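What you see is a predicted model, and the numbers here were worked out from it, not measured in a lab. Along the sequence shown, the residues carry numbers beginning at 1. Read the numbers this way: they start at 1 and go in the same order the structure lists the ligands and their atoms.
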Amino acid sequence: MKITISIIKADIGSIGGHVKPSEKILDAVKNHINDNGNGLVIDYYVGYTGDDIFILTTHQKGKDNSEVHQLAWNAFIKGTNMAKSQGLYGAGQDLLSDSFSGNIKGMGPAIAELEFDERENEPFLVFTADKTDPGAYNLPLYLSFSDPMHNAGLILSSKIGKGYTFNIMDVSYSDRDRLIELNTPEDIYSIAALLRDNERFVVEQIHARSSGEQAVAASTTRLHNIAGKYVGKDDPVLLTRVQGPFPATGEILSPYSIGHYVAGFMRGSHTGPMMPVKQNSPVSFFDGPPLVSCLAFCIREGKLTEPVDCFDQPFWDHIRDKVSRKALDIREQGFSGASMLPYSELEYGGIVDILESLEDKFKLR
Ligand code: F6R
Ligand code: MG
Ligand code: MG
């Protein structure tokens, strides 16, 4: 049976700053899907990470289906109306268009979709992040799919050992999609050379070379490319099928033990370590640290099981302590050097204004 999994997420308002959506907007979003999804989606799940709400649906309409996208868009509109009525902060922030125009891509919300022939048992993972941008998944994906230090299957399983094909997008190019296809293991140095630049090159898809099947779909939205100015970080989502020809669940989770430094954190303008958190965690310290959560599901004929919260396990408490230390370490450096992002990535124009105002005060000697 051919199934599509779509995840669409947006920041449509939260309580107390950019912290966490209210129960009422979550209900408004859920109720809309529940009341209008019949005959369109097989199943759905609504959750949040930090201030971002995600709608996960399973259906048979394929990728880029306008009805499925519209369902999510309308649910976010309902949520936004509720957010406004409650006086929530940033109500409707990520909805950059006044009306829906057929495909939610380019309208603000982040989206990732996978279409495949459902296996007899079909496990997959859903990653959602807050206070960061799509390049945040570059390093974990590189390590899970090409490094035996994290993916033992690359040397233990001949299927996995055939490697993977990475589709990498140049997100600085906004006229059209600019993509490159590279294979592991032979192209890993080229892949690393691109993925080191998290703000420009982003993994969009990964396929298994053993079967040609798609393993990964990730969101690549850069809101500032759509709006022409910064309107918040992109807070990316990612879907990964696991087991069989794909990495095992633990091999996908392994790199999140690093707490690698990503762009985002306070005012979307800093560098901070990514903290793997339990589902529905809010942000706190310095509007962060950047968060990632992961839910594991199985589906049968498109019907979702209940989720398993992958980072809700004592091991990750230890990692969270480490990441908190890393966050404090870089915060000791305040605005200096590597702790704040370069001009092109700052979410606010204040620094540029300051520099401009000082321009005339410089004297040549
Ligand atoms: C939002 C974010 C926050 C805000 C900060 C200031 O995604 O990263 O750090 O940038 O809370 O918010 P404003 O400018 O909306 O007052
Ligand atoms: Mg926000
Ligand atoms: Mg957010």
*Flag yes if Ile258 and Ile188 sit in one hydrophobic cluster, no otherwise; membership is Ile, Leu, Val, Met, Phe, Trp, Tyr, and two members link when side-chain heavy atoms are under 4.5 Å apart.*
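Same hydrophobic cluster.
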Review item, side-chain donor-acceptor pairs of residues 237-246, under 3.5 Å, at least two apart:
residue : atom : partner : partner atom : Å
Arg241  : NE   : Glu122  : OE2          : 3.0
Arg241  : NH1  : Glu213  : OE2          : 3.4
Arg241  : NH1  : Gln214  : O            : 3.3
Arg241  : NH2  : Glu122  : OE1          : 3.1
Arg241  : NH2  : Glu122  : OE2          : 3.4
Arg241  : NH2  : Glu213  : OE2          : 3.3
Gln243  : OE1  : Thr249  : N            : 2.9
Gln243  : OE1  : Thr249  : OG1          : 3.3

*Hey, what's the ring geometry for Phe286 with Phe265, parallel, tilted or perpendicular (30° and 60° as the breaks)?*
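Taking Phe265 first and then Phe286, their aromatic rings stand perpendicular (interplane angle over 60°).
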*Side-chain H-bond candidate by donor/acceptor type, Thr49 with Ser293, under 3.5 Å*: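 Short answer, yes.
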_Protein N/O/S atoms closer than 2.8 Å to the Mg ion (ligand 3)_ =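 Atoms qualifying: Asp51 OD1, Asp52 OD2, Asp130 OD1, Asp235 OD2.
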*Within less than 4.0 angstrom of ligand 1, does Gly17 place any heavy atom?*
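The answer is no, since Gly17 has no heavy atom less than 4.0 Å from ligand 1.
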*Measure the distances from the heavy atoms of Phe265 to every atom of ligand 1 and state whether one is below 4.0 angstrom.*
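Phe265 counts as a contact of ligand 1 under the 4.0 Å cut-off.
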*Step through it carefully: locate the ring centre of His207, locate the ring centre of Tyr164, and say whether they are under 6.0 Å apart.*
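No, they do not, as the ring centres are separated by 6.0 Å or more.
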*From atom 8 (O) of ligand 1, work out which of Gln93, Met266, Lys131, His270 has a heavy atom at the shortest distance.*
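Result: the heavy atom closest to atom 8 (O) of ligand 1 is in Lys131.
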*Could you go through the ring-ring contact (aromatic ring centres under 6.0 Å, His included) check for His69 and Phe100 one step at a time?*
CA-CA 9 Å; His69 288 200; Phe100 181 75; 7.1 Å; no
*If you count the atoms of ligand 1 from 1 in the order shown, which ones are under 4.0 Å from a heavy atom of Gly268?*
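Those of ligand 1 that fall under 4.0 Å from Gly268 are 8 (O).
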*asked:* Keeping Ser144 on the side-chain end and Glu251 on the backbone end, is there a donor-acceptor pair under 3.5 Å?
replied: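 At least one qualifying donor-acceptor pair exists.
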*Where the side chain of Gln60 meets the backbone of Lys2, is there a donor-acceptor pair that is under 3.5 Å apart?*
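Yes; judged by distance alone, with no hydrogens or angles, the pair exists.
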